[in-house]
Chemist: 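Sharing a structure below in structure tokens format, with a few things to ask.
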2 protein chains.
Amino acid sequence: MAETRSVDTRERILDTAERLFTANGFDGTSMRQITGAAEVNLASVNYHFGSKEALMREVFRRRLAWLNTERLRVLDEMESKAGDKPLKPSQIVEGFFGTLLSMAQDESRGGVTFLRLLGRTLTDPADFIRTFLADEYQEVVERYKSALFKALPDVPRAEIAWRFHFMLGATSYAIAGTDALRLVTDWGVEDEDAIDRLDRLPQRLMSFLLGGLRAPLPKF
Amino acid sequence: MAETRSVDTRERILDTAERLFTANGFDGTSMRQITGAAEVNLASVNYHFGSKEALMREVFRRRLAWLNTERLRVLDEMESKAGDKPLKPSQIVEGFFGTLLSMAQDESRGGVTFLRLLGRTLTDPADFIRTFLADEYQEVVERYKSALFKALPDVPRAEIAWRFHFMLGATSYAIAGTDALRLVTDWGVEDEDAIDRLDRLPQRLMSFLLGGLRAPLPKF
DNA sequence: CTAAAATTCAAACGAACGTATGAATTATTG
DNA sequence: CAATAATTCATACGTTCGTTTGAATTTTAG
């Protein structure tokens, strides 16, 4: 049962690291915190992953592997159904961001914990993180951007690329859900809203994103 | 000239810390890096500010003091001109986010460096940062949110608050400008766009934000 | 069952961290 | 000019960090 035990250790480390990185950041989380909370030996991280940075990369890799595959699958399916016709922008946005948001409800894919980690990490200054994330994301982003170019042939490509960027920002931030500005919690609104914050977020966000994507072009 | 020299030291530390925090994050920047680059003694940070955390707070405080004042001034002016009539949503958005973006061109207010720092810090997990930023932002956000409630009486307040949140995210992310996904740099577009990225960003962003704010309400 | 491979473990490493101290230096004040 | 206060400085403290090591243990394979 060595392999089983080993897999247990690996996964326990990954789950714990994911949780602590989300709560305290990469620099703010020590190997001793991780191994302590995961109830494994301190040296096991270096044994299984090689280094703390490599652990961080693996935390992302196992989740993004699925996300990338799923996003490409959804896009492939939409494009094959559409034949030669361009896709509707709403389809594309839904395919890209809806896939992401669906992870929130799936605990086996990291749930909200991973989504928060991803949202925060996209603005992390550390080089190794930026490089890694860029590599992981690049192909899928290219594909979706191309789909948007095709779907909106009259909109300048630079404009589309920027709006894609803005959409990513709005989504990351909504997901990271910092409450930093107490925007959400302190508005003195009916109680029901406190409950369905997360279930209704996808629809709210999607409306906002599509509104932004379709906004009149700026005049320079 | 003791006081002059002292002010020099203080400001040199603040400027250097602002730059290094932006480049490497709070945890990723050591006191020795800061004092070394600023060419001041290691102990001077603790002498002038008390601690590393207090230095971080002061880095923000000196910039946000101006930003808060300016945002309130703009809002007050718009409201007094409008009298009893509600403001136009575009005015409010422009007042809030335009003020922020104007800092990018003003090196004496921190320029793009501070804006990037702010954008990144809004999703920072560290408690003392979240608490501090929430306190600094709260009053102004309340005022602008109230203005939006009044400007859009038919839109549910929860929806407005959420969209404010989304707008903040899009803006933060656009400003943080991580290029994490190489979205902006690698789109193979005419050369001119590489140059005017920053001058045109305000107009591009404002169009997007207003499009999102005015989007049709989601159906649940 | 036994040898080899994989994994766990306790312990230690040097380096870097934020902070504190007290003397030395510089500036202010009367 | 003398005293007093403010600031700078070199140095050190104790802690925590990521990583390494080699022995102990467990699992796998012949």
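Chain naming here is simple, since letters A, B, ... match the order of the sequence lines and numbering starts at 1 in each. All of these numbers come straight from a predicted model, not from anything done at the bench.
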Chemist: Rounded off to whole Å, could you give me the CZ-to-C1' distance for the A/R10 and C/dT8 pair?
Modeler: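 Interatomic distance, CZ of A/R10 to C1' of C/dT8: 16 Å.
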Chemist: Under 4.0 Å between a side-chain N or O of A/N46 and OP1 or OP2 of D/dG18?
Modeler: no
Chemist: In terms of ring plane angle, is the pair A/F164 and A/F97 parallel, tilted or perpendicular, where the classes change at 30° and 60°?
Modeler: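 Ring orientation of A/F164 relative to A/F97: tilted.
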Chemist: Using a cut-off of less than 4.0 Å, is there contact between a side-chain N or O of A/N41 and OP1 or OP2 of C/dA10?
Modeler: yes
Chemist: Do other residues, nucleotides or ligands put more than 12 heavy atoms under 6.0 Å from B/Q203 CD?
Modeler: yes
Chemist: Across the strands shown, which category fits B/T35 at heavy-atom distances under 4.0 angstrom: base, sugar-phosphate, nothing?
Modeler: nothing
Chemist: Check the distance between D/dC17's P and A/E53's CD and give it to me in whole angstrom.
Modeler: 17 Å
Chemist: Please pick, from C/dA10, D/dT7, C/dT8, the nucleotide with the shortest atom-to-atom distance to any side-chain atom of B/Y47.
Modeler: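 Shortest atom-to-atom distance from the side chain points to D/dT7.
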Chemist: Respond yes when some side-chain nitrogen or oxygen of A/H48 is under 4.0 Å from OP1 or OP2 of C/dA6, and no when none is.
Modeler: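 It does not, given that no N or O in the side chain of A/H48 lies less than 4.0 Å from OP1 or OP2 of C/dA6.
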Chemist: Could you give the CE-to-C1' distance, from B/M31 to C/dC17, as a whole number of Å?
Modeler: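 The distance from CE of B/M31 to C1' of C/dC17 comes to 10 Å, rounded to the nearest Å.
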Chemist: For B/E53, does the CD atom sit with more than 12 other heavy atoms under 6.0 Å from it, leaving out its own atoms?
Modeler: yes
Chemist: Measure CD1/B/I13 against P/D/dT7 and give the value in whole Å, please.
Modeler: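 Going from CD1 in B/I13 over to P in D/dT7 covers 12 Å.
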Chemist: How many Å lie between CD on B/Q33 and C1' on C/dA16, as a whole number?
Modeler: 11 Å
Chemist: Out of C/dC17, C/dA20, C/dT7, which has the shortest distance to the side chain of B/R32?
Modeler: C/dC17
Chemist: Would you call B/R73-B/E77 a salt bridge at under 4.0 Å N-O?
Modeler: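 Looking at B/E77 together with B/R73, the answer is yes, because their closest N to O distance falls below 4.0 Å.
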Chemist: What integer distance in Å separates B/L42:CG from C/dG18:C1'?
Modeler: 8 Å
Chemist: Choosing from C/dT19, C/dC9, D/dG18, which nucleotide comes nearest the side chain of A/A43?
Modeler: C/dC9
Chemist: Would you call A/K52 and A/D27 a salt bridge, using N to O less than 4.0 angstrom?
Modeler: no
Chemist: From the set C/dT19, C/dT8, D/dT8, return the single nucleotide nearest to any side-chain atom of B/K52.
Modeler: C/dT19
Chemist: Rounded to whole angstrom units, what separation is found between the CG atom of A/N24 and the C1' atom of D/dT16?
Modeler: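 Roughly 15 Å, once rounded to whole Å.
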Chemist: Taking CZ from A/F49 and C1' from D/dT19, how many angstroms apart are they, rounded to a whole number?
Modeler: 16 Å
Chemist: Hey, is the side chain of B/S44 poking within less than 4.0 Å of OP1 or OP2 on D/dT7, counting only N and O atoms?
Modeler: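 For D/dT7, neither OP1 nor OP2 has a side-chain N or O of B/S44 closer than 4.0 Å.
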Chemist: Would you say D/dT16 has OP1 or OP2 under 4.0 Å from some side-chain N or O of A/S30?
Modeler: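 No, A/S30 has no side-chain N/O under 4.0 Å of OP1/OP2 on D/dT16.
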